[in-house]
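Just below is one structure, and these are the notes that go with it.
These figures come from a predicted structure and were not determined experimentally.
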Amino acid sequence: MPAARAEHLNDDDATPVPAVDDLKVREVLDRVPSLVALVHGPDHRVAYVNDAYTAAFGPRPVGAPARGALPELAELGLLSLLDQVLRSGKPRTVKSRKAPDGRSYTFTCTPITEDGGGRGVLVFATDVTDHAEAAERLRASERRQRETAVTLQRSLLPQELEEPDDLRIAATYHPGGTEAAVGGDWYDVITLGGGRTALVIGDVMGRGVRAAAVMGQLRTAVRAYARLDLPPHEVLQLLDGLAMEIDANQIATCAYAIHDPNEGRLVYASAGHLPILVRDENGTVQRADEPTGPPLGTGGWMHSSGSIPLGPGSTAVLYTDGLVERRNEDLDEGIAALERALAGARGTPQVVCDRLVRSAGVTPDHDDDVAVLVLQHPARKGAESELFRNAALELLGGVEAAPRARAFASGVLTSWRFPAELHDLGVLATSELVANSLQHGTPPMRLRLRRTDRRLIIEVTDGDDHLPRRRRAEPGDESGRGISIVATIASNWGSRRTPGGGKAVWCEFALPQPDRP
């Protein structure tokens, strides 16, 4: 830009400042709707402002330093940018800054060399208020959608985890930091009765409200199927068909596991989900092996169940891919890192849960949602171990089986120091369950009694897979009353098929709890 022949002087400083006196240039700049200012020299003295700039911020004294004459630039932090432009000789742009006049501008600062070798900076500000407001409305809309999805997601997750007698459990859910990251991760804990517990974790592919809604339907279905007390692979088989009905284009991964304290193992099935990790009482971490089938919603696959030890003192972790998957990293590396973190994570399930999340670097702006479920099978010692006891008797059949079962149950319940009323109810339930098995079942038959700090569990297994049902016995019937009697006197009862073609029939009695202050 040509320098002026005349010079404008500041009253407080006699340093000459070039002025824009070229009429053609001024005519063009004054008609430009964008804001234009020209500053000169290392202290950025004002050489020119156009009419649009004056209309926005008022007249500016020519010749004065920009720090005092252009306070709006100072307020926006652009004076340091002017220094950078002078030093580098390269233009710089700052997008969408809100100026003191309440409007938003994009500022482009371009270095210029004037006649005589002087250097200055041309400041060109474009009003982007409408665009900025539209972008903010879009961001607000996205925030509301994300909040809706997160609220829906959290409302569909368990508000309080069920508390099994034999396990200690904690879980956490962290939504992703962006709208795109709100997905369909979920977990659940379902007490099945008879001391057994189902544990579920899953991840619906996709994002937003739709993924959360599909997750809610699958979680509800899992709870319903769990009440059938089916093996894990059969539950996944049912879920697979349901997922296709919900949305043929939507798939989900899921791991479903059952813990039976009598077996000391975690029996599980996986539909495309990540492997369960278990740390034993010695600190060794084991990764659950196959079988792993394809995700839910793909159809045409027969799932199968596997098992992994989970004895006293063990800790198991179920998780979604947001905990271990990172861009440009192999997934197996993330799982290996989680194994190392689990090996050193001690404390309560909640403490372990929090430590695993921290070790994985999960922050509020994490790019994927994360669900983690941690369960521990405590190793009980001393007085606490007296509250968790087992006793079992093999039933050989014949007329002496029922009296032997009653005598065994009576002796065990007496040794466990149960009140007389509970003792008598337990013996009666044992007699009815054994009689039912002797009449309708086949060998091998077994009676098992278990007590926890909350309940007495009586279970009879045999080799026949026909499940009993409660029915009304007519006055003249000689049978059909056993299960009805058990259902009447017990707190809960149920039956399930067992591996190998047999069944188990069980009932529970709630134990009196000490009064708490």
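The ring-ring contact (aromatic ring centres under 6.0 Å, His included) check on His377 picks up His259, with sequence neighbours excluded. With sequence neighbours left out, the side chain to side chain donor-acceptor pair (under 3.5 Å) criterion links Thr320 to Asp185. Considering only residues two or more places apart in sequence or on other chains, Ala135 meets the side chain to side chain contact (heavy atoms under 4.5 Å, CB included) condition with Arg139. Residues that satisfy the salt bridge (Lys or Arg N to Asp or Glu O under 4.0 Å) test with Arg168, not counting sequence neighbours, are absent from this structure. Applying the salt bridge (Lys or Arg N to Asp or Glu O under 4.0 Å) rule to Arg196 yields the partners Asp229, Asp260; only residues at least two apart in sequence or on another chain are considered. With sequence neighbours left out, the side chain to side chain contact (heavy atoms under 4.5 Å, CB included) criterion links Ala504 to Glu459, Thr461, Arg496, Thr498. With sequence neighbours excluded, the residues that form a side chain to side chain contact (heavy atoms under 4.5 Å, CB included) with Asp188 are Pro158, Ile190, Val200, Arg219, Arg223. Annotation: salt bridge (Lys or Arg N to Asp or Glu O under 4.0 Å) contacts of Glu329 (sequence neighbours excluded): none.
Counting only residues at least two apart or in different chains, ring-ring contact (aromatic ring centres under 6.0 Å, His included) contacts with residues 236-255 are absent. Pairs passing the salt bridge (Lys or Arg N to Asp or Glu O under 4.0 Å) check and including a residue from residues 343-355, sequence neighbours excluded, do not occur. Pairs passing the salt bridge (Lys or Arg N to Asp or Glu O under 4.0 Å) check and including a residue from residues 284-307, sequence neighbours excluded, read Arg287-Asp332, Arg287-Glu339. Note on residues 404-417: no pairs pass salt bridge (Lys or Arg N to Asp or Glu O under 4.0 Å), not counting sequence neighbours.
Checking Ser410 against His423 by side-chain atom types alone, a donor-acceptor pair falls below 3.5 Å. Judged by distance alone, the side chains of Asp203 and Thr253 never bring a donor and an acceptor atom under 3.5 Å apart. Using modelled atom types and a 3.5 Å distance limit, the side chains of Glu508 and Ser491 yield no donor-acceptor pair.
Salt-bridge check for Lys381 with Glu384: failed, with every basic side-chain N at 4.0 Å or more from each acidic carboxylate O.
Around atom CH2 of Trp301, no more than 12 heavy atoms belonging to other residues, nucleotides or ligands sit under 6.0 Å away.
Without hydrogens or angle criteria, Gln376 side chain to Gly347 main chain gives a donor-acceptor distance under 3.5 Å.
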